[in-house]
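Note that ligands are numbered from 1 as they come in the structure, with each ligand's atoms numbered from 1 the same way. Quick caveat: nothing in here was measured; it's all calculated off a predicted structure.
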Amino acid sequence: MEKITSLAKRRGFVFQSSEIYGGQNGAWDYGPLGIELKNRIAAAWWKEMTQLHDDIVGLDAAILMHPRTWEASGHVENFTDPLVDCKKCNARFRADQIPEENLSAKKCPECGGELTDTRKFNLMFKTHIGPAEDTASIIYLRPETAQGIYVNYKNIIQSNRMKIPFGIAQIGKAFRNEIVTKNFIFRTCEFEQMEMQYFVKGGTDEEWFNEWRKRRWAYYEKLGVKMDHLRWHQHGPDELAHYAKDAYDIEYLFPMGWRELEGVHNRTDYDLRRHTEYSGKDMQYIDQDNNSERYIPYIIETSAGLTRNVLMVLCDAYDEELVASEKKDGAESSADDWRTVLRFHPSLAPVTVAVLPLMKKDGLAELAQDIRRELKEDFATDYDQAGAIGRRYRRQDEAGTPFCVTVDYQSKEDGTVTLRFRDSMEQIRIPKAELAARLRQEIKTYKRIK
Ligand code: GAP
């Protein structure tokens, strides 16, 4: 994880928030490569969940919601972690994350000092809206995006004539006052979720729950994730969230071990029932095709962390490889024999293709710039003319760029260029006029070789 954190900073994927002031715990900034990666992961999820499903539509609800929302959802009462402090060293722990013997003996796992009693700590960030800081002005930063979907479910049925079963997808920020934030961007106070709520008739919920488990698993397979690094974990009765009847996590084998990546939850009719109760509005679905039968739908939720997916994709892509140094048409390479490479799927890579002139002189730079300009319309491109070519390839490997195009003297004569593949380091010569089509084909048929 240290290597990934340091690469992420060095190459502009992720920076510590407010670093010049010593950093802000639980918050991170996404740099030029990081925002591209995050956007592409979000776009892949969005395409999968909306474009490829006729029965799912999108939504972008506000982060600030009426505070009654969180009473109805049960978050005010139940969204807590058990907290203990050490009276001696002031370390703070989640009581469910320290050894049982320490908890029962009230002994700090770090210094052996005395621990306080366990107390409940609500994870919602509270603030005030308007100038008066009193209880009437309390408002919360949403701890999940899901509730924005529930409160809009009737609007969407009416505006878009949706019929059950149907889903609503949303990507957005969520905030939790996490007690322990470690492991880089894994668990943070400010993060992004990609959630889809699927509305079904009670009685069909278990079937749909299994169906969505299958679909979400297949999604990661399609994304090219190492499948032996994924597994299911079913929540036991003591792990289930207050709204869930059944829940499975998709766990990923991160450098610190198996951890949750995404949850698939059967939330029953809990949320819509509670919103009916707290808002006084009728949240029943009226089935026009079935004698206007009325019922409160059940909800199957797929809830993935976007920022946690960024970490997963970084970990999954990271590789170090011993290679022979590369030369290009006699130009010297000063690259080391070890290369660090991010083997991103080309559809997720922040830069798809880098254009590199072998030399700056003799019109090669201008020709390379022309080629870049043409590719720019369809691909995320980079241009680099600084340093030995082998070193430039290594820089692109480290950024996860799947393709490099090198322009040399022959390019001037016959219009061909070298196309270099990140994973195999293979180089082929092709006419520059064929580049765009070839890249499109390579992206479509990409198979990870390592
Ligand atoms: N709406 C249901 C829900 O929020 P959750 O299991 O609490 O369920 C869903 O969260 C996903 O959101 C998790 O699988 C994880 O990927 C992400 N997530 C939750 N808390 C997070 C945090 N503090 N930092 C980063 N990602 C988080």
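Cation-pi geometry between Arg372 and Tyr383 is not met: the NZ or CZ atom fails to fall both under 6.0 Å from the ring centre and inside 45° of the normal. For Arg216 and Tyr220, the positive end sits near the middle of the six-membered ring, less than 6.0 Å away and at most 45° from its axis.
Among protein heavy atoms, atom 26 (N) of ligand 1 sits closest to Phe191 CD1, 3.5 Å. Taking atom 13 (C) of ligand 1 as the reference point, the nearest protein heavy-atom neighbour is Glu260 OE2, 3.2 Å. When only non-hydrogen protein atoms are considered, atom 24 (N) of ligand 1 lies nearest to Thr188 N, 3.0 Å. Protein heavy atom nearest atom 9 (C) of ligand 1, with residue, atom name and distance: Ser303 OG, 2.9 Å. Counting protein heavy atoms only, atom 17 (C) of ligand 1 is closest to Gly305 CA, 3.7 Å. What sits closest to atom 12 (O) of ligand 1 on the protein, heavy atoms only, is Gln193 NE2, 3.2 Å. The nearest heavy-atom contact from the protein to atom 25 (C) of ligand 1 is Phe186 O, 3.2 Å.
For ligand 1, the atoms lying closer than 4.0 Å to a non-hydrogen atom of Glu262 are 14 (O). Every atom of ligand 1 is numbered from 1 in the order shown, and the set under 4.0 Å from a heavy atom of Glu195 is 1 (N), 2 (C), 3 (C), 4 (O). Taking a cut-off of under 4.0 Å to the non-hydrogen atoms of Tyr243, the atoms of ligand 1 that pass are 2 (C), 3 (C), 8 (O).
Polar contact check, Pro143 against ligand 1: no nitrogen or oxygen pair lies under 3.5 Å apart. When only interatomic distances are considered, the shortest N/O to N/O separation between Glu301 and ligand 1 falls below 3.5 Å. In terms of N/O distances under 3.5 Å, ligand 1 is approached by Leu261.
Looking at residues two or more places apart in sequence or on another chain, you find a side chain to side chain contact (heavy atoms under 4.5 Å, CB included) between Ala349 and Phe344, Pro402.
When heavy-atom distances to ligand 1 are checked against a 4.0 Å cut-off, Asn309 has no atom that comes that close, whether in backbone or side chain. Residue-level proximity to ligand 1 for Arg187 is carried by backbone and side chain together, each with a heavy atom below 4.0 angstrom. Residue Tyr252 does not touch ligand 1, judged by heavy-atom distances below 4.0 Å. With a 4.0 Å cut-off on non-hydrogen atoms, Arg267 touches ligand 1 through its side chain and not its backbone.
The heavy atom nearest to atom 23 (N) of ligand 1, out of those in Arg176, Gln197, Glu251, Glu178, is found in Glu178. The heavy atom nearest to atom 8 (O) of ligand 1, considering only Glu192, His265, Glu144, is found in His265.
In this structure, Asp54 places its CG atom where only 12 or fewer heavy-atom neighbours from other residues, nucleotides or ligands lie under 6.0 Å away.
A 4.5 Å side-chain heavy-atom check between Asn39 and Tyr30 finds every atom pair outside the cut-off.
Residues Phe254 and Tyr252 place their aromatic rings such that the two centres sit under 6.0 Å apart.
A side-chain donor from one of Asp423 and Tyr446 sits under 3.5 Å from a side-chain acceptor of the other. One side chain, Tyr150 or Arg267, offers a donor N or O that lies under 3.5 Å from an acceptor on the other. Counting only N and O atoms by type, the side chains of Asp271 and Gln147 include a donor and acceptor under 3.5 Å apart.
Across every non-hydrogen atom of Thr188 and Thr181, the tightest pair is CA-CG2, 4.2 Å.
A salt bridge is defined here as a Lys NZ or Arg NE, NH1 or NH2 lying under 4.0 Å from an Asp or Glu carboxylate O, and Arg343 with Asp316 fails to meet this definition.
Identified under the side chain to side chain donor-acceptor pair (under 3.5 Å) test for residues 56-75, with sequence neighbours left out: Arg68-Glu71, Ser73-His75.
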